[in-house]
Amino acid sequence: MLNLFVRSMKIRLFLPLVLLLIAAQSTSPLAITFPLAGDVLRGEITITGTTDIENFLSAQLDFTYASNPAGNWFTLQTISQPVLDSALAIWNTASIGDGDYVLRLRVNLTDGTFQEVTVPIKVQNDTPLVTPTAVPTSTLESVSVQIPTPFLLAASPTPTEVPRPTPTPLPTNPVALNQSEIYTSLGRGALVIIGLFIFAGLIIRIRRS
């Protein structure tokens, strides 16, 4: 009984997984992998996609104007073999005018039916791309920073060496004293001072007497 209960629980646990695998295998992988919906195309591009589905017979890649989806479809490429996320066609978008278009990948099946997917795109060759302006989200007040205008400094001229004047030799001093004359002058001065003291002393004595 216990083994039977365990087996029953295992079946219940694995049954959803098996159903998911079956559903995934039955889901159609038909897709245009590039460009994606809303892409802006310029110049020559390579369209890639997957057509490897059951009962594949042939496939066809077309485009039309988005403003007239019920109008005529223009064929870009017919595909005879199923592919898996590979190149479907090389499209030079410069051959058509700028505007909104729709790409369609249709796979014809062996039973006479078909499956298809569509992708809206925009061609913009003549109109320059507009770069969106970033909107600041911060509430802080912007601080204006003024950058000083750079200016060039003129190179300083090379200093010119000014010639210094040649010193003129002074004339020879006519008054010159030798050592003996200096000693003689000092002796005479001493004698004069002594004489003055003696003379002053005599005058003082005379006045006292």
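- Side-chain contact between Leu109 and Leu57 is absent, with no heavy atoms from C-beta onward closer than 4.5 Å.
- In terms of hydrophobic clustering, with Ile, Leu, Val, Met, Phe, Trp and Tyr side chains grouped at heavy-atom distances under 4.5 Å, Ile32 and Phe74 are assigned to a common cluster.
- With rounding to the nearest 0.5 Å, the separation of CG in Leu186 from OG1 in Thr184 is 8.5 Å.
- Considering all non-hydrogen atoms of both residues, Pro35 and Val119 come closest at O-CG1, 3.7 Å.
- The two atoms that bring Trp73 and Val102 nearest to each other are CZ3-O, 3.6 Å, heavy atoms only.
- For Ser95, the side chain to side chain donor-acceptor pair (under 3.5 Å) test picks out no residue, with sequence neighbours left out.
- Using a 4.5 Å cut-off on side-chain heavy atoms (C-beta onward), Arg104 and Thr64 make no contact.
- Taking 4.5 Å as the limit, every side-chain heavy atom of Thr46 sits out of range of all side-chain heavy atoms of Phe34.
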In residues 82-92, what donor-acceptor pairs under 3.5 Å come from side-chain atoms, sequence neighbours left out?
residue : atom : partner : partner atom : Å
Asp85   : OD1  : Thr33   : OG1          : 2.8
Ser86   : OG   : Leu84   : O            : 3.1
Asn92   : OD1  : Ala94   : N            : 3.2

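- The one candidate from Thr78, Thr118, Asn72, Thr75 that meets the side chain to side chain donor-acceptor pair (under 3.5 Å) condition with Asp62 is Thr75.
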Go through Leu76 and Leu103 one step at a time and tell me if the side chain to side chain contact (heavy atoms under 4.5 Å, CB included) criterion holds. CA-CA 9 Å; Leu76 291 173; Leu103 286 175; 3.9 Å; yes
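- When all heavy atoms are compared, the tightest approach of Leu30 to Val117 is O-CG1, 3.7 Å.
- Other residues, nucleotides and ligands contribute over 12 non-hydrogen atoms within 6.0 Å of the CG atom of Asp111.
- Asn55 meets the side chain to side chain donor-acceptor pair (under 3.5 Å) test with no other residue; sequence neighbours excluded.
- Between Tyr65 and Tyr101, the ring planes lie tilted relative to each other; the angle falls in the 30° to 60° range.
- Using a distance-only test at 3.5 Å, with no hydrogens or angles considered, a donor-acceptor pair links the side chain of Thr93 to the main chain of Gly43.
- Counting heavy-atom neighbours within 6.0 Å of Glu54 CD, excluding the residue itself, gives a total of 12 or less.
- Using modelled atom types, one side-chain atom of Arg42 and one backbone atom of Gln124 make a donor-acceptor pair closer than 3.5 Å.
- The shortest heavy-atom contact between Asn125 and Asp98 is N-OD1, 2.8 Å.
- Among Leu105, Leu41, Leu61, Ile121, the single residue meeting the side chain to side chain contact (heavy atoms under 4.5 Å, CB included) criterion with Ile47 is Leu61.
- Put simply, CD on Gln77 and CD on Gln60 are 10.0 Å apart, with the number rounded to the nearest 0.5 Å.
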